[in-house]
2 protein chains.
Amino acid sequence: MTDATQLRYTPLVADTEIIFERLRKEGFRLTSTRKAVLRLFLSGESPMTVPELLLRLSTEGISVNKTTVYRELDFLITRKLIREVQLGDGLRRYEYLKGGHHHHLVCVKCKNIECFEMKACLKEFEEQITAEKNFTFIKHSLEFFGICALCNGVTESAR
Amino acid sequence: MTDATQLRYTPLVADTEIIFERLRKEGFRLTSTRKAVLRLFLSGESPMTVPELLLRLSTEGISVNKTTVYRELDFLITRKLIREVQLGDGLRRYEYLKGGHHHHLVCVKCKNIECFEMKACLKEFEEQITAEKNFTFIKHSLEFFGICALCNGVTESAR
DNA sequence: ATGGATGCAAAGTATTTGCATGAGA
DNA sequence: TCTCATGCAAATACTTTGCATCCAT
């Protein structure tokens with residue numbers, strides 16, 4: 001329970017190439033949209049909403065239709081390359097699913113989202129519940145909300 | 001960590017009256033809409049979306065405008081009588097906030113939502129993180145997804 | 001009668017669908 | 001060439017806003 005490790009997304013170009021190659025082998029097309037969206041997720045962004053994603057892409061000079069983005073997200077979710085997360089404000093966000101399961105520290109002030117791991121976090125709890133009430137666990141989501149170190153350091157006057 | 005208690009919402013009429021009286025004393029009006037919405041939450045429903053809530057009300061023969069419902073929810077959230085919960089499908093649900101903080105077991109098959117408590121669940125974890133990285137915790141949300149006992153018992157053919 | 005509460009219409013935002021067209025492999 | 005992928009328009013779903021009216025106290 002006392003085992004929290006901060007996740008660091010390493011924006012490995014190698015990762016990108018490996019994923020591209022895997023998709024190609026599986027018979028999917030590597031269109032410019034797909035590459036752009038995947039690169040964006042792989043670059044270590046915080047979870048993004050669709051409007052945010054569209055803005056990011058257009059800022060980079062990439063013009064993509066929103067319908068295409070929604071469909072691309074469906075595709076990537078199905079391939080388990082990204083996942084949807086909800087952080088309490090009613091918006092759907094999407095983030096790169098780099099191997100491990102992890103959770104979020106959401107700053108309610110600056111809205112920054114930090115990812116971190118909790119090894120074997122709720123395993124024993126889930127096992128106990130399974131034994132007690134025949135509930136088969138598939139997944140869980142755990143989000144923490146509070147004020148981050150940066151915002152804690154900022155004095156009222158300095159805002 | 002091994003302390004899970006199932007929550008049971010007791011639809012106490014007394015609770016309803018106490019809340020009504022409190023609101024009245026604070027200078028808020030007890031309109032028929034307010035009473036109906038509050039009674040619905042107090043009757044021990046699972047978390048509901050606004051459309052679900054509107055349907056429930058109209059089934060009971062209560063005609064309320066959706067705008068009014070949204071505003072009533074705002075009001076009740078401000079008064080900390082209900083809270084918004086997100087259960088992974090992108091929809092906002094609302095539930096009665098009966099004193100205690102609790103979590104949810106969401107069945108992905110039948111969509112049933114069970115509430116339960118975890119005493120001192122993540123307290124020690126939060127304290128550790130606070131010490132490590134100056135993050136001030138305000139709240140957290142924890143949801144479990146899986147197959148409930150009922151759905152586990154149902155054979156494929158019986159569906 | 002006063003001000004909180006309501007209803008209605010309209011606008012705003014997020015997401016999905018149908019269909020014709022475009023472009024990787 | 002053969003489909004997967006895309007764009008566009010429109011539909012759907014959810015939520016918010018402005019304003020006139022209502023009604024609980």
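Every heavy atom of this structure was used, including side-chain atoms; hydrogens, water molecules and symmetry mates were not. Proteins come first, then strands; the chains are lettered A, B, ... in the order of their sequence lines, and each starts at number 1.
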What about the rings of B/F144 and A/F135, do their centers lie closer together than 6.0 Å? no
### Message
Can you tell me how the ring of B/H103 sits relative to the ring of B/H140, calling it parallel under 30°, perpendicular over 60° and tilted otherwise?
### Response
parallel
Hits for side-chain contact (heavy atoms from CB on, under 4.5 Å) against B/E21, two or more places apart or cross-chain, chain-then-number order -> B/R24, B/K25
Residue pairs passing the salt bridge (Lys or Arg N to Asp or Glu O under 4.0 Å) test with at least one member in residues 55-64 of chain B, sequence neighbours excluded, are B/E45-B/R56, B/R56-B/E60
Between A/F125 and B/F125, is the ring centre distance below 6.0 Å? no
Distances under 3.5 Å only, N/O to N/O: pair up the protein atoms with those of nucleotides 20-25 of chain D.
| unit_1 | atom_1 | unit_2 | atom_2 | d |
| --- | --- | --- | --- | --- |
| D/dC23 | O2 | B/R29 | NH1 | 3.4 |

Are any of the side-chain heavy atoms of A/P47 and A/H104 separated by less than 4.5 Å?
yes
Margin query: Quick one, B/D89 and B/V106 - any side-chain contact, counting heavy atoms below 4.5 Å?
Written below: no
Those residues at least two apart in sequence (or on a different chain) that pass side-chain contact (heavy atoms from CB on, under 4.5 Å) with B/R22 are B/E26, B/L81
In short, the helix from C/dA1-D/dT25 to C/dA25-D/dT1 is bent end to end, axes from five pairs each side, to 10°, by 30°
*Mind checking whether B/F41 and B/Y94 have ring centres under 6.0 Å apart?*
no
Atom pairs under 3.5 Å: protein N/O with N/O of nucleotides 15-20 of chain C:
| unit_1 | atom_1 | unit_2 | atom_2 | d |
| --- | --- | --- | --- | --- |
| C/dT15 | OP2 | A/Y70 | OH | 2.7 |
| C/dT15 | O5' | A/Y70 | OH | 3.3 |
| C/dT15 | O4 | A/K66 | NZ | 3.4 |
| C/dT17 | O4 | A/T67 | OG1 | 3.4 |

